[in-house]
Amino acid sequence: SSSAIRPALTTAGGGHDPDRYAVIVGLGQYRTPWPGWRDGLSLDTKETVSLFTDSLDVPEGHTLLLQDELAAQADIEEALALWLPKRVTKDSLVFFYFAGQTVADAKNGEVFLIPYDATCASSPFRLISIRFLQSRLQKLGAKLALAIIDSPMAVWAPSKDGKAKSAAPNWIANLDGSSGSKASTLIQVSRIHGASRPQNRLLAGLTGPAD
């Protein structure tokens, strides 16, 4: 059995919507650290899982937590390609939350999530593209698929001539919903340097208390 398909870690009680699912990916370390890899990373696992359970009504057993060494590329892809499709229906609400480093392609700005077994200089084939993420969420055919990328942007490796590359990040991935499914919703959460922004404020905004 895969490391990704394992009992979920939740603190849910009763009374939750039975057709809600969450995949939470949290990276507080990487297999091969690079200079500055810690910058902007902050994840309290228990608090985050509890917030999804309590604020977004995700029931016990419907949350998959992939953390650190269990958040490798294969684990994340399997969660999107197997764990969710086996459970989600057309009436489901799906939440995908990523807390880790991201990086943008130097040429076209396409954004990639950096899994545990990759670095900001890794080949795109070892990363999780926003395009792949959105495509998988669309294919679920759920009532709503919401991706929350709570991430700083890692610095891409310099070019061969020594000049830094700085293409504008493309968070939308140019998906137009032509597959017939409703387009997934992507929220980009940007960090203000030096400021504290706990996850409970983010989830409060999703559930109505914030404008």
Side-chain angles (χ1 to χ4, degrees), residues 3-4 6 8-12 20-34 36-56 58 62-80 83-84 93-104 111-120 122 126-134 136-137 145-156 169 171 173 184-207 210:
S3 59
R6 66 193 196 285
L9 300 180
T10 62
T11 56
R20 296 191 180 200
Y21 299 88
V23 173
I24 299 174
V25 181
L27 288 153
Q29 58 181 318
Y30 280 89
R31 176 184 294 172
T32 308
W34 63 91
W37 71 273
R38 291 181 182 273
D39 295 345
L41 293 182
S42 61
L43 176 72
D44 185 318
T45 303
K46 292 182 179 179
E47 179 186 24
T48 300
V49 172
S50 177
L51 285 169
F52 267 83
T53 299
D54 298 335
S55 298
L56 298 179
V58 179
H62 286 211
T63 298
L64 176 64
L65 174 64
L66 302 176
Q67 187 175 14
D68 297 336
E69 66 273 10
L70 294 179
Q73 179 187 16
D75 296 320
I76 298 173
E77 291 182 347
E78 189 167 1
L80 293 167
W83 192 85
L84 283 173
L93 271 64
V94 178
F95 304 99
F96 178 89
Y97 178 82
F98 178 86
Q101 290 283 3
T102 55
V103 67
V111 174
F112 295 83
L113 312 181
I114 305 179
Y116 170 76
D117 52 344
T119 73
C120 62
S122 294
R126 295 183 57 196
L127 306 172
I128 306 291
S129 71
I130 291 293
R131 184 181 298 275
F132 173 82
L133 171 61
Q134 290 187 342
R136 283 296 177 181
L137 292 177
L146 178 64
I148 305 168
I149 313 301
D150 183 5
S151 172
M153 179 68 69
V155 177
W156 191 269
W171 291 91
S184 56
T185 300
L186 178 67
I187 291 181
Q188 174 189 350
V189 182
S190 301
R191 294 185 182 276
I192 299 175
H193 182 68
S196 173
R197 183 197 37 72
Q199 284 91 347
N200 60 340
R201 294 183 184 178
L202 163 66
L203 297 181
L206 292 177
T207 53

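Keep in mind it's a predicted model, so treat the numbers as computed, not measured.
D117 is linked by a side-chain contact (heavy atoms from CB on, under 4.5 Å) to R31, A72, Q73, P115, counting only residues two or more places apart in sequence or in another chain. Legend: residues meeting side-chain contact (heavy atoms from CB on, under 4.5 Å) with T32, ordered by chain and number and at least two apart, are T119. Listed by chain and number, the residues in a salt bridge (Lys or Arg N to Asp or Glu O under 4.0 Å) with R136 amount to none (sequence neighbours excluded). Judged as a side-chain contact (heavy atoms from CB on, under 4.5 Å), and not counting sequence neighbours, the contacts of Q29 are W37, D68, E69, Y116. For F96, there are no ring pair (Phe, Tyr, Trp, His ring centres under 6.0 Å) partners at least two apart in sequence or on another chain.
Across every non-hydrogen atom of A71 and V25, the tightest pair is CB-CG1, 3.9 Å.
Residues L66 and I24 are not in side-chain contact: their nearest non-hydrogen atoms beyond the backbone lie 4.5 Å or more apart. Residues I114 and C120 form a side-chain contact, since some pair of their non-hydrogen atoms from C-beta on lies under 4.5 Å apart. At least one side-chain heavy atom of L113 sits under 4.5 Å from a side-chain heavy atom of I149. Counting heavy atoms from C-beta outward, Q101 and W34 have side chains that approach closer than 4.5 Å. For the pair L27/Q67, no side-chain contact is recorded, criterion being any heavy-atom separation below 4.5 Å from C-beta on. At a threshold of 4.5 Å between non-hydrogen side-chain atoms, the residues I130 and F112 do not count as touching. V111 places none of its side-chain heavy atoms less than 4.5 Å from the side chain of V103. Contact annotation: the side chain of L56 approaches that of F95 to within less than 4.5 Å [non-hydrogen atoms, C-beta and beyond].
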Q: In sequence, state the C-alpha distance, the side-chain angles, and the governing distance for F98 and L133, and then conclude on side chain to side chain contact (heavy atoms under 4.5 Å, CB included).
A: CA-CA 11 Å; F98 178 86; L133 171 61; over 6 Å; no
